[in-house]
Each structure stands twice: as structure tokens, then as C-alpha cells.
S.K.: 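For reference, the structure I am asking about is given below.
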Amino acid sequence: MTQSQTSTPESHDPEGRETYDVHAVQEKWLPVWDDLAPFRSGRPDDERPKKYVLDMFPYPSGDLHMGHAEAYAMGDVIARYWAQQGFNVLHPIGWDSFGLPAENAAIKHGLDPAGWTDANIAQQKASMRRYACSFDWDRVLQTSDPAYYRWNQWLFVKMFEQGLAYRKDSAVNWCPNDQTVLANEQVVGGRCERCDTVVTKKKLTQWYLRITDYADRLLEDMTQLEGQWPEKVLLMQRNWVGRSTGAEVRFEVEGRDEPVTVYTTRPDTLFGATFFVVAADSELAATLAAGTSAEGDFAAYLEGIKQVSDIDRLASDRPKTGVFLQRYAVNPVNGARIPIYAADYVLADYGTGAIMAVPAHDQRDWEFATTFGLPIVTVVQPPAGWSGEAYSGDGVAVNSEFIDGLRKTEAIERTVAWLEEKGLGAGAVNYRLRDWLISRQRYWGTPIPIIHCPSCGEVPVPVDQLPVTLPSTVGLDLTPKGTSPLGGAEDWVNVACPTCGEPARRDTDTMDTFVDSSWYFLRYLDPDKTDGPFDPAAAREWMPIDQYVGGVTHAILHLLYARFFTKVLHDMGMVDFTEPFTRLLNQGMVVMGGSAMSKSRGNLVRLTDELEGNGVDAVRLTMVFAGPPEDDIDWADVSPSGAKKFLARAWRLSGDVTSAPGVDVTTGDLALRRATARAVDDAGKAVESYRFNVAVAKTMELVNAARKAIDSGPGGADPAVREAAEAVAILLSLVAPYTSEEMWERLGHEPTVALVGWPTVDPALLVEDSVTCVVQVAGKVCDRLEVSPLISEDELRALALASAAVVKALDGAGIRTVVVRAPRLVNIVPA
RNA sequence: GCGGGAGUGGUGGAACUGGUAGACACGCAGGACUUAGGAUCCUGUGCUUUCGAGCGUGCGGGUUCGAGUCCCGCCUCCCGCACCA
């Protein structure tokens, strides 16, 4: 039986040979798979062990593109591999469907963002089905659905009740183009991560989530992820949290009752503090300047630095500027009177916004001191021959009274103890991490479920009244103008206070869409649940996620927020784990000709064109075979047509098998059987360690071996050929589902191949019957011997020394040593 | 500046705990079958070569019987952070 029993998609070339019609095969199998739904997961009677594989969900900004195709190909290899290994694999998909592009498109074309979004989702969904992703189509979700964002609001209210959501007035990052605030994480190099506009500052009252309360746990729990996440991502997260230890020190300020506290990582250099700097844009600076003769200078300076863009501020070689405030602080360790400056090199929102300046041991302070002619006092002995400017390394304390002679660590400890004893300061920890600003002044997002009441203040919407749905866009002006468009929906905004019943107003901002994606993975477990955000019992069964797949662009933002939410949910008793993603794979990007694809650059490769030209399987195979999954793929360097040729070659094997299904393979050609066993074993190991490209190479080797066996070996009737072809079909099921399914049918089996199980390998076949032993003389290969893998050292040594090539290479020279590593290598070292 | 990663044929990339460098492909060349071939199949393909061999994993050292792999010092490229006291 070599012909398919159903419709036969293969056509023939002019000479009557079969050719592989990829498009016909695609059309043939899609409805069959819809019907069989092999990847529907979580049936109650399913006894298989569970695995949860998750791809980062897409933003529905149009149809799928090359980047999606790569990411989903990688995730699918893993999901399908585990399915073949007998796991009950949960592999869901959904849409991160709130956000600016929908709103901007709606403004541009006068549409409703919801309609635009839903149309794109429908298109992407159809493309994903065709792309043959092993998604469980019974578990889809989209975050712009009130049934979803209702639970964003619920979680917000819970966090508000626990003090984890709060409102404060602060200078925030503002994108003048998008007319909305941005979280710190969304400012990349001083620019808006969305639209690349230079970000400015604006004073606003906004909602924050207290992620800083979790700073230590976000760091500590990374030990669970060590070795499971890319080291690079862990490092980026560590740096982002930016924990540092040191001390807070109180300085008295002349003519002021209240002392000013500074944070320093180097309390051991306190004796070297020769001046004092406060952030020019801080409240403190304004307070200190008020009423002094420096007030005018300060105001002028402040005005000047406001003109400096964030981009210029970032230039580290910028000269130090500042203004003397005509005031003095007192160094608590030695009573020295030190001048107070306001400068923009000190940040208002880190530490206390004020520093003690130690020019001898801090480069920035050194530059400032040099510019302003301030004294530089060495208090840590630099190493002999030190010729730099500020010395910030370890050394012995000098000119520092009670810590003289101590090295850094001890000197810090002693100083902190001294400060604590005198009530002048204490050991302290600081973080670069700031609280997460989640308010956005845009329409297409989750409304913040708070009602502002003139008498009751901030009142959360009672949870039984959730969701607070978005008002209709009809009659609403969505154009960005600095305040939320929701404010224009009078009927929606004006409500009765839930507490006192008096007239009150809804909060008109919407949430950052990263809130949506901070817990969506839990929603998949029961996407239609109406009495809670997710099912805790299901979470116990499925979570944490065994494999998360997505781009490294989310190394900080999304992953940090999701980790934070997980910890909050853990503390609320809703989940029993503290880290959501056990293993993380960051696939690379698809670029073209060395640079990111873009319409303006004219190097855009359209996924639909590639799929049309070479078929789904060839595109998927190209993605997977191009190299390690985390590397970028340059589409100019790879060959989808080569992939297509390989698939046709594999497919042809299935037509050349003439033995019947179920034939006793143990009687088959031993060499081919060994090759099959080896390929299956190697490919499995490769997939487990993310070397998908190697797994494909092993499959190609097997195809080549089978081809050879058919054409110039035992022939297509040999049972080993069937065994090999079936193994190829199964190995290909991870990467090329259509070809795999078609091969499986042509080999006389029922669909679907997707769950038939990874081929079993007889371990005896993995033991080679002979191995090539390399014989080296002085480290250079001079002969190769075919020997038994079980050969003894002595036997092998004798064999090697008897080799004619060895005798010739030695050329009569004596032998110093012979290194024998049976059975693979002998190295003979001449005297 | 600080931190991290990476440099292997014409190209993408293989190489388990140090043990045959270049698997598997792309490209290229040649051949078979052909009216034709961008189809298919086969062969070859690191560089140099006085055809003996020599040289080869960014560069220079080192450890070792043996180094792409380990150690030290450089060079280049990529990524992240960027005045975080």
C-alpha cells in the first residue's frame, strides 16, 4: 500500500513522476485536524502527565509576520515534542489586544478600536491555524474582552485594598507624541519604546503598583531560574532592580531645624566628604535655596536644566554644572562645614535626592570639585602607582580617625556601627527599581476601577459591580490631548459614590497594558471562568509554566511584571508557587540583509509570500534549521527553497516503502536500523537542549541513509526502510506537520501522526559494532583503525604500534610514551 | 565608562565531560537523465602545495601526550545599563 486512500494531493511531472504539491496537502489536512483536535488539553479523564508550553501572546496589529512565524515555530517544536513524548500538553494562545496601535488606527480611519482589533484577531487566528501551530483552540482569550479585563480591575482593587496600588504626585515620564505617561521600563535610552519620541517630564498624580516592596524577592527568587533562563535575562533583571547596600547619614544644615539625610554606598569615605549636593529639580533644593542670596541663581539654573533634553542629560561626558546655595551642611563625623550645591548630576528620585560628595573617591564628585575648585581629601589609600583621578577601589582608610588602617569592608561596618550608636544614621539598602506607574491617558485599555468622591476620596468600585466597561466611542474624541478621552464621556464619568451616594467622578485613566499580560497565563487554565480571575485548583495542576517562549525585548518589562504579579498572588494565597515561568527561551529576530525588516528600508519579507511560494512546512523548517533558536535569522542567508526540496525528498521516501505497515522490523538491514536508532536518539537529545537545528540535521542524515538504502542498498522492501521512513515522519511532525501527516498516511497509517509517540529505540542498536580509532604520532593523525568498541588498552596499543603508517612516521625514532584512550584514540609520543 | 555575550570554510552553522575540526545545509563546480532543466539523482568542494606534504577555529602567549574547547594578555563585533552616589 503506497497510495493514499483519500484524496491524492500529489500530481505528476511531465514524465509521470510524483511531485509533492504542498498547497494541496495543506488544504487536505487542515479540516482533518480541526476534526481530530489532537492538541485539545485538559480533559478530566486524561491520565498523561502535564506540561504547560506558552508562547508570548501577540499584539493584533495586522496579520502575522516573519517574527511570529519564527517564535511560533520554536514553541511548536517543544510542544509537539512533549506531546510525542506522552505528555498532556497545554499550549494555548490569545491576544494582547489593548494598546495604542488599535487606538491610533481608529483615530486615523475613524473606526472603533474594538472593530479594528477583532478583525485583526480573526485574521491572525486564521493564519495560525494554517501555520499549523499546535494551539488548543478551546482556550483562547483576548485582553480587551470585558470578561478578561474585569479581572484586571478585580486584581487592582485587591491590590488597592492591600496598599499595593496607590496614587501619588510626581514628575513622570511623558511621551509628547502619544500624549501619555510611560513607566520607567518603557523609556529606552530617553525615548518612548513605542514611537521613539524623546521623553519629557511632567508633574502628574498617577496610580502606581508597589513593585519596590518585592525588590528583594524578585532578586532572591532568581536562584530558582538559574540555568533555566538565559543568563543574560537574569542579569538584566538583576541590574534593573539594582540593589545596593550602604548607609543613610544625617547631616545638620546650618539655619535649618531638620537635618538632611543622604544615601551612600561608601560610608567609609565620610571623612572625605568636602561638599554636599542636592538634586536641582528636587523639593529639597527649592526649600534650601528659598530666602538665600542664591535664590535667583538657583531659579536661573533650574530653568536652564529644564531646557536640556533627556537625551543630552544621558551623555556621560557632559561637563558638571551646579549652583552654590549659600548654605552649609555639617559633616557629622568631624564637624566640618561643607558647602551645599544644587546640581543636575544628582537624581531627585534615587536615594534621598541628596548626596555627600567625596571627590577623592567618586569620579563624578571629582569632576564637580575640579570644576568648582573644591577641596579633595584622600581618605582611602590608593595602590602604589595610582595615576587616575578618583580612586573608588578597595584600600586602607586614612585621615579618618577611628577607621584609619581598616580596609573597605571593615571600615564600612565600623562607620555604620558608629552612626547607629550616635543616632546619626544607619545601614540602608537602595534600589534602582521604582514603583510601576500604570495610569495611561488613553482610551483603549482597562478603566481604572476607582471613583473619586469629594468627601470619601478614592473609592474602589465594589467588586460585584465589575467590570467597569469602556464607554462607547460614539461621540468621543480619541485624539490624544494629554488627558484621557474617557473624561469626555460625561454619562460614564459621573456616578454616585459607592460609599456615600453623593455625586462623584470615575477615574478616567486606563491601565498600562502590561497589567493585562502580567497574569494572562493563569486565565488560560479556565478562560471562561466568571467567579474569579482563574481557577486555583487548575493552577496547582498546570502551573508553573514548563516552557515559556518569546522575544528578548521583554527581558525586563513583561517578565519582571509577571514575576511581580505572581508573587502578589502567592501572598494572597491564590497560587502556591512564586515564579511563573520555569524555563525561558528567547528566540532571535528575523532580519533581512543584516538589518531589522521595515517597510521604509525596503527589506520587508512578507510571510504570506513565503508561505505561498514554499509552503508552511518549508517556512517552519527554514526557521528551525537556520541556527540556534536564540540567534537572529538573516533571511538573506537561509534557503526556504532548500527546505522545500528536503521535504519533498523526505516525502518521496514514503512512496518508496513497499513493505506493509506492522512488518517485523527486527529482520531489517542492520546498518540502516542503527542509523535510525542513532538519529532518533540524537534528535531527541537535541530538542531537549534547544538545538532544534541539530535535530533537523539528524533527520536529514536519516533521510539520506534511507534514500541510499532504497536506491543502492537493500531496497524499498526491506523492513528497515519502513522503520526509517516512519521515524522520519515522526521526527518531522515537530517541524513540518503537513509533510509528516502526509507521509504517515502514505505509509499506510491513520491520522494523526501527531500523537503516535516518539519512536522507541532498542538500546542495543545504539552500541556500535566497530569504531574508528585515530592513531596519532606526536598529536598528528597518521592512521585510522577500525576496532571493536570493547577493545582493551593493551590490544589497541599493540595494534597501533604495528601500523605501517606509524612505523613510517616514527622513522626509527624511539618512543617516549603512548597515550591510549580505548577505543577511540592512541597518541604515540616519540622520544 | 560599567556589565555581559560572541569571533570556526564563499555563506548559515556542527563538534558530549579537552581526544578524527568543518556534521547538516546553502552556494559553487562537474557528471547522469534530458528538447530543456530553476526538477531529480550522483560526485566533488577549508586554504596552500614544488603533490612529499604544510597550514588551518580573531591575535599573542601558557597548561597538556593532545586545546575550537581550559588559563593569562590583547583586538574586533554585538547586546544591556548609562551621572543610581
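Naming convention: chains lettered A, B, ... in sequence-line order (proteins, then strands); numbering from 1 in each chain.
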S.K.: Looking for any heavy atom pair under 4.0 Å, which part of the strands does A/Thr699 touch: base, sugar-phosphate only, or nothing?
M.R.: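 No contact at all - A/Thr699 keeps every heavy atom at 4.0 Å or more from the nucleic acid.
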S.K.: Return the value, rounded to whole Å, for the distance between atom CG of A/Asn614 and atom P of B/C26.
M.R.: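 Answer to the nearest Å: 13 Å.
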S.K.: Quickly work out the A/Glu701 CD to B/A23 C1' distance and round it to whole Å.
M.R.: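 Rounded to whole Å, this separation is 6 Å.
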S.K.: Okay, side chain of A/Asn827, backbone of A/Gly779: is any donor-acceptor separation there less than 3.5 Å?
M.R.: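 Indeed, once roles are kept as given, a pair shorter than 3.5 Å links the two residues.
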S.K.: Rounded to whole angstrom, note down the C1' distance from B/G46 over to B/A29.
M.R.: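 Looking at atom C1' only, B/G46 and B/A29 are 16 Å apart.
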S.K.: A/Arg652 side chain N/O closer than 4.0 Å to the phosphate oxygens (OP1, OP2) of B/C41?
M.R.: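 Checking A/Arg652 against B/C41: at least one side-chain N or O falls below 4.0 Å of OP1 or OP2.
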S.K.: Can you find a heavy atom in the side chain of A/Val379 that is under 4.5 Å from one in the side chain of A/His361?
M.R.: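 Yes, side chains in contact.
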S.K.: Check whether A/Thr274 reaches the backbone of A/Pro375 with its side chain - one donor and one acceptor, N or O, closer than 3.5 Å.
M.R.: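 Side chain of A/Thr274 to backbone of A/Pro375: a pair is present.
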S.K.: Among B/A21, B/C42, B/A25, which is the nearest nucleotide to the side chain of A/Arg707?
M.R.: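 Closest nucleotide among those given: B/C42.
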S.K.: Would you classify A/Asp349 as touching base, sugar-phosphate or nothing, given that sugar-phosphate means primed atoms plus P, OP1 and OP2, and contacts are heavy atoms under 4.0 Å?
M.R.: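 It contacts nothing in the nucleic acid.
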S.K.: For B/G1, give its Watson-Crick or G-U wobble partner with both distances under 3.5 Å, or none.
M.R.: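 Across any shown strand, B/G1 pairs with B/C81.
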S.K.: Which nucleotide, if any, forms a Watson-Crick or G-U wobble pair with B/G73, using both distances under 3.5 Å?
M.R.: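 Checking every strand shown, B/G73 finds its partner in B/C59, with both distances under 3.5 Å.
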S.K.: With rounding to the closest Å, how many angstrom separate the P atoms on B/A6 and B/C70?
M.R.: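 Those two atoms are separated by 9 Å.
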S.K.: Grab the CG-P distance between A/Asp362 and B/C83 for me, whole Å please.
M.R.: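 Roughly 13 Å, once rounded to whole Å.
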S.K.: Check this one for me: any side-chain N or O of A/Arg238 less than 4.0 Å away from OP1 or OP2 of B/G4?
M.R.: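 So the side chain of A/Arg238 is outside the cut-off, no N or O lying under 4.0 Å from OP1 or OP2 of B/G4.
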S.K.: In whole angstrom, what separates A/Leu653's CG from B/U40's P?
M.R.: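 A/Leu653 atom CG is separated from B/U40 atom P by 14 Å.
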S.K.: Is any side-chain nitrogen or oxygen of A/Asn827 closer than 4.0 Å to OP1 or OP2 of B/U64?
M.R.: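 Checking A/Asn827 against B/U64: no side-chain N or O falls below 4.0 Å of OP1 or OP2.
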S.K.: Quick one: classify the glycosidic conformation of B/G54 as syn or anti, with syn meaning within 90° of 0.
M.R.: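 Classified anti.
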S.K.: Roughly how far apart, to the nearest Å, are B/G9 and B/G44 at atom C1'?
M.R.: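 Pairwise C1' distance, B/G9 against B/G44, rounds to 15 Å.
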S.K.: Hey, would you say the A/Phe372 and A/Tyr341 ring centroids sit under 6.0 Å apart?
M.R.: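 Ring-ring flag for A/Phe372/A/Tyr341: true, centres closer than 6.0 Å.
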S.K.: Please state how far atom CZ in A/Arg649 lies from atom C1' in B/A25, giving the value in whole angstrom units.
M.R.: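 Atom CZ in A/Arg649 sits about 12 Å away from atom C1' in B/A25.
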S.K.: Assess the side chains of A/Thr321 and A/Tyr345: does a donor N or O sit below 3.5 Å from an acceptor N or O?
M.R.: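 There is no such pair (donor and acceptor under 3.5 Å, judged by atom type) between the side chains of A/Thr321 and A/Tyr345.
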S.K.: Is the shortest side-chain N to carboxylate O distance from A/Asp656 to A/Arg707 below 4.0 Å?
M.R.: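 Salt bridge flag = yes for A/Arg707 with A/Asp656.
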S.K.: To the nearest 0.5 Å, tell me how far A/Ile633 CD1 sits from A/Glu70 CD.
M.R.: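 Those atoms lie 3.5 Å apart.
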S.K.: Is it true that A/Glu688 and A/Lys685 make a salt bridge, defined as a side-chain N closer than 4.0 Å to a carboxylate O?
M.R.: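 No salt bridge links A/Glu688 with A/Lys685.
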S.K.: Counting the atoms with a prime plus P, OP1 and OP2 as sugar-phosphate, which does A/Leu235 contact under 4.0 Å by heavy atoms, base, sugar-phosphate, or nothing?
M.R.: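 The residue A/Leu235 makes sugar-phosphate contact but no base contact.
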S.K.: Between B/A21 and B/U69, how far apart are the P atoms? Round to whole Å, please.
M.R.: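 Between the two P atoms, the distance is 14 Å.
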S.K.: Is there a donor-acceptor contact under 3.5 Å from the side chain of A/Gln186 to the main chain of A/Ala183?
M.R.: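 Here the side-chain-to-backbone pair exists.
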S.K.: Rounded to the nearest angstrom, tell me the gap between atom CH2 in A/Trp366 and atom C1' in B/A85.
M.R.: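 One finds 18 Å between C1' of B/A85 and CH2 of A/Trp366, rounded.
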S.K.: Consider the side chain of A/Lys645, meaning its heavy atoms from C-beta on, and name the nucleotide among B/U40, B/C83, B/A82 that approaches it most closely.
M.R.: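 Of the options given, the side chain of A/Lys645 lies nearest B/U40.
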S.K.: Taking only the side-chain nitrogens and oxygens of A/Tyr345, find out if one of them lies under 4.0 Å from OP1 or OP2 of B/A85.
M.R.: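 For A/Tyr345, the contact criterion (side-chain N or O under 4.0 Å from OP1 or OP2 of B/A85) is not met.
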S.K.: With a 4.0 Å cut-off on heavy atoms, is A/Arg434 in touch with a base, just the backbone sugar-phosphate, or nothing at all?
M.R.: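 Here A/Arg434 touches the bases of the nucleic acid.
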S.K.: Expressed as a whole number of angstroms, how long is the span from A/Leu557:CG to B/G80:P?
M.R.: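 Answer to the nearest Å: 13 Å.
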S.K.: Checking understanding here: a glycosidic angle within 90° of 0 is syn, the rest anti, so what is B/G30?
M.R.: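 Base orientation: anti.
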S.K.: When the aromatic ring centroids of A/Phe368 and A/Phe275 are compared, is their separation below 6.0 Å?
M.R.: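 Between A/Phe275 and A/Phe368, which both carry aromatic rings, the centre distance is below 6.0 Å.
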S.K.: Scan every strand shown for a Watson-Crick or G-U wobble partner of B/U34, both distances under 3.5 Å, and answer none if you come up empty.
M.R.: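 Here B/U34 is not engaged in any pair, so there is no nucleotide opposite it.
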S.K.: Given B/C81, B/C65, B/U20, identify the nucleotide with an atom nearest to the side chain of A/Arg784.
M.R.: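 My answer, after comparing the listed nucleotides, is B/U20.
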S.K.: Please report the distance, rounded to the nearest Å, between CG in A/Leu647 and C1' in B/A25.
M.R.: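 Distance, rounded to whole Å: 13 Å.
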S.K.: Please determine, for the side chain of A/Leu825, which listed nucleotide (B/A25, B/C41, B/G19) has the closest atom?
M.R.: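 Looking only at heavy atoms from C-beta outward on A/Leu825, the closest nucleotide is B/G19.
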S.K.: Considering every strand and a 4.0 Å limit on heavy-atom distances, what is the contact class for A/Glu231: base, sugar-phosphate, or nothing?
M.R.: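 Nothing: the residue A/Glu231, judged by heavy atoms under 4.0 Å, touches no strand.
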S.K.: For the side chain of A/Met236, starting at C-beta, report the closest nucleotide among B/C41, B/C55, B/G80.
M.R.: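 Nucleotide nearest to A/Met236's side chain: B/G80.
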S.K.: What do you reckon, is CZ of A/Arg816 surrounded by more than 12 foreign heavy atoms closer than 6.0 Å?
M.R.: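 No, not enclosed.
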S.K.: Taking only the C1' atom of each, what is the distance from B/U63 to B/G73 in whole angstrom?
M.R.: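 My reading of the C1' atoms in B/U63 and B/G73 gives 15 Å.
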S.K.: How is A/Arg821 classified with respect to the nucleic acid when contacts are heavy atoms under 4.0 Å: base, sugar-phosphate, or nothing?
M.R.: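 Contact class for A/Arg821: base.
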S.K.: Below 3.5 Å is the cut-off: list the nitrogen or oxygen pairs between protein and nucleotides 12-15 of chain B, distance only.
M.R.:
| from | atom 1 | to | atom 2 | distance (Å) |
| --- | --- | --- | --- | --- |
| B/G12 | O2' | A/Ala626 | O | 2.7 |
| B/G13 | O3' | A/Asn693 | ND2 | 3.3 |
| B/A14 | OP1 | A/Asn693 | ND2 | 3.2 |
| B/A15 | OP1 | A/Arg691 | NE | 3.0 |
| B/A15 | OP1 | A/Arg691 | NH2 | 3.2 |

S.K.: Using the P atom on both, measure B/A67 against B/G19 and round to a whole Å.
M.R.: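 Rounded to whole Å, the distance is 11 Å.
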S.K.: Using purine N1 to pyrimidine N3 plus N6-O4 or O6-N4 for Watson-Crick, or N1-O2 and O6-N3 for G-U wobble, both under 3.5 Å, which nucleotide pairs with B/C28?
M.R.: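 Paired with B/C28, as far as the under-3.5 Å criterion goes, is B/G44.
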S.K.: Check every atom of B/A85, B/U20, B/G19 against the side chain of A/Val819 and return the nucleotide holding the closest atom.
M.R.: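 Side chain of A/Val819 sits closest to B/G19.
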S.K.: Ignoring hydrogens and angles, are the base of B/C79 and the side chain of A/Lys232 linked by a donor-acceptor pair under 3.5 Å?
M.R.: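 Per atom types, no contact qualifies.
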S.K.: Compare the minimum distances between each of B/C83, B/C26, B/C65 and the side chain of A/Val829, then state the nucleotide with the smallest one.
M.R.: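 The answer is B/C65, which lies nearest to the side chain.
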S.K.: Looking only at side-chain N and O atoms, does A/Thr19 come under 4.0 Å of OP1 or OP2 in B/A39?
M.R.: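 No.
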